[in-house]
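Below is one structure, written out as structure tokens; comments come after it.
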Amino acid sequence: MIRFENVSKVYARGARPALDQVSLEIERGEFVFLVGSSGSGKSTFLNLVLRQERPTSGQIHALGKDLAQISRWKVPHLRRQIGTVFQDFRLLSNKSVFENVAIAPQVIGKPRHHILSAVPEVLELVGLDGKEKRLPHELSGGEQQRVAIARAMVNRPAVLLADEPTGNLDPTTSIGIMRLLDRINRTGTTIVMATHDDEIVDQMRKRVVELSDGVMVRDQSRGVYGASR
Ligand SMILES: Nc1ncnc2c1ncn2[C@@H]1O[C@H](COP(=O)(O)OP(=O)(O)OP(=O)(O)O)[C@@H](O)[C@H]1O
């Protein structure tokens, strides 16, 4: 599903690599935590998968494609198959829950009848049925993140990339979000989640990939946040 072969990323000439010779393979249906201290390269990894950044050296395959071979005009097609969720939700503040989610199928030209069935279906999946008309500020943080997850999932992507999705949420709300992500993963969606949240990583016991100064220092199945525990 995602394969990195000796991938390095150097942003500025002379700077130390943000990613340094990283090789790993993520299979379809896996749930992978990317951990490591601030600046260790987690976001860089996710941005490379989205082709928001390009590697300085090495090869990246995602969804069966060599990302170096994808022409610029085909990048939106790649990104359509990858849902994204961020720490800061990134909702449109003047649009309702329904509209925030409907944007994703609208921009790829899905017909109205499809949107009218797909949006309520995904809102039910994330536990927000009945809240379609609310504006983001009328929702709790956890509910706002559920809207963002619904928007990421409404086009049924094969992969969901989540960058610190619980970073702005309290522990109890975070557990609810993780239950939802786990449920989404069990329906077959591959999930890669960058996080600093040690409690969540320790509870979920999924594959853990640890970066340190851009180097992959650990790849552990059913892992914990800190290797020494
Ligand atoms: N667009 C950029 N231009 C220059 N340097 C960058 C850029 N993006 C990231 N970096 C640098 O690359 C390194 C890795 O950053 P990255 O954002 O991938 O780390 P991270 O593990 O996601 O950190 P955090 O947990 O704080 O989000 C850092 O040294 C950072 O300063």
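In listed order, ligands and their atoms are each counted from 1.
- Taking 4.5 Å as the limit, every side-chain heavy atom of V85 sits out of range of all side-chain heavy atoms of L181.
- For ligand 1, one of its N or O atoms has an N or O atom of G39 under 3.5 Å away.
- In this structure, the protein non-hydrogen atom closest to atom 9 (C) of ligand 1 is Y11 CE1, 3.3 Å.
- Residue contact check for ligand 1: K9 places no non-hydrogen atom closer than 4.0 Å to it.
- What sits closest to atom 25 (O) of ligand 1 on the protein, heavy atoms only, is K42 NZ, 2.8 Å.
- Using a 4.0 Å cut-off between heavy atoms, A194 makes no contact with ligand 1 at all.
- Within the 4.0 Å heavy-atom shell around ligand 1 one does not find G214.
- Counting atoms of ligand 1 from 1 in the listed order, those under 4.0 Å from a heavy atom of T44 are 14 (C), 15 (O), 16 (P), 18 (O).
- Looking at atom 27 (O) of ligand 1, its nearest protein heavy atom turns out to be S43 OG, 3.7 Å.
- The closest approach between a heavy atom of S40 and any atom of ligand 1 is below 4.0 Å.
- Of the options D163, L161, V192, a side-chain contact (heavy atoms from CB on, under 4.5 Å) to L34 is made by V192 and by none of the others.
- In this structure a side-chain-to-backbone donor-acceptor pair under 3.5 Å is missing from E132 to F98.
- Taken from CG in D182 to OG1 in T187, the straight-line distance is 10.0 Å, to the nearest 0.5 Å.
- Each of the atoms 21 (O) of ligand 1 lies under 4.0 Å from some heavy atom of S37.
- Note that CG of D197 and CD1 of I177 are 12.0 Å apart. Values are rounded to the nearest 0.5 Å.
- Atom-to-atom distance recorded for E143:CD and L169:CG is 11.0 Å, nearest 0.5 angstrom.
- Using a 4.0 Å cut-off to heavy atoms of H196, the atoms of ligand 1 that qualify are 25 (O).
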What donor-acceptor contacts under 3.5 angstrom involve side-chain atoms of residues 59-72, with partners at least two apart or in another chain?
residue : atom : partner : partner atom : Å
D66     : OD1  : A68     : N            : 3.0
S71     : OG   : W73     : NE1          : 3.1

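- Between G41 and ligand 1 there is a heavy-atom distance shorter than 4.0 Å.
- When hydrogens are left out, the protein atom nearest atom 26 (O) of ligand 1 is S38 OG, 2.6 Å; that is the closest non-hydrogen contact.
- Taking CG of L160 as the start and OG1 of T84 as the end, the distance is 8.0 Å to the nearest 0.5 Å.
- Distance check on atom 31 (O) of ligand 1: every protein heavy atom falls at or beyond the 4.0 Å cut-off.
- Not one N or O on the side chain of E124 forms a donor-acceptor pair closer than 3.5 Å with the backbone of D129.
- For ligand 1, the atoms sitting less than 4.0 Å from at least one non-hydrogen atom of A18 are 12 (O), 13 (C), 14 (C), numbered in the order shown with element in parentheses.
- Counted by atom type alone, Y225 and T195 present zero donor-acceptor pairs between their side chains at under 3.5 Å.
- Nearest non-hydrogen protein atom to atom 29 (O) of ligand 1 is R16 NH2, 3.7 Å.
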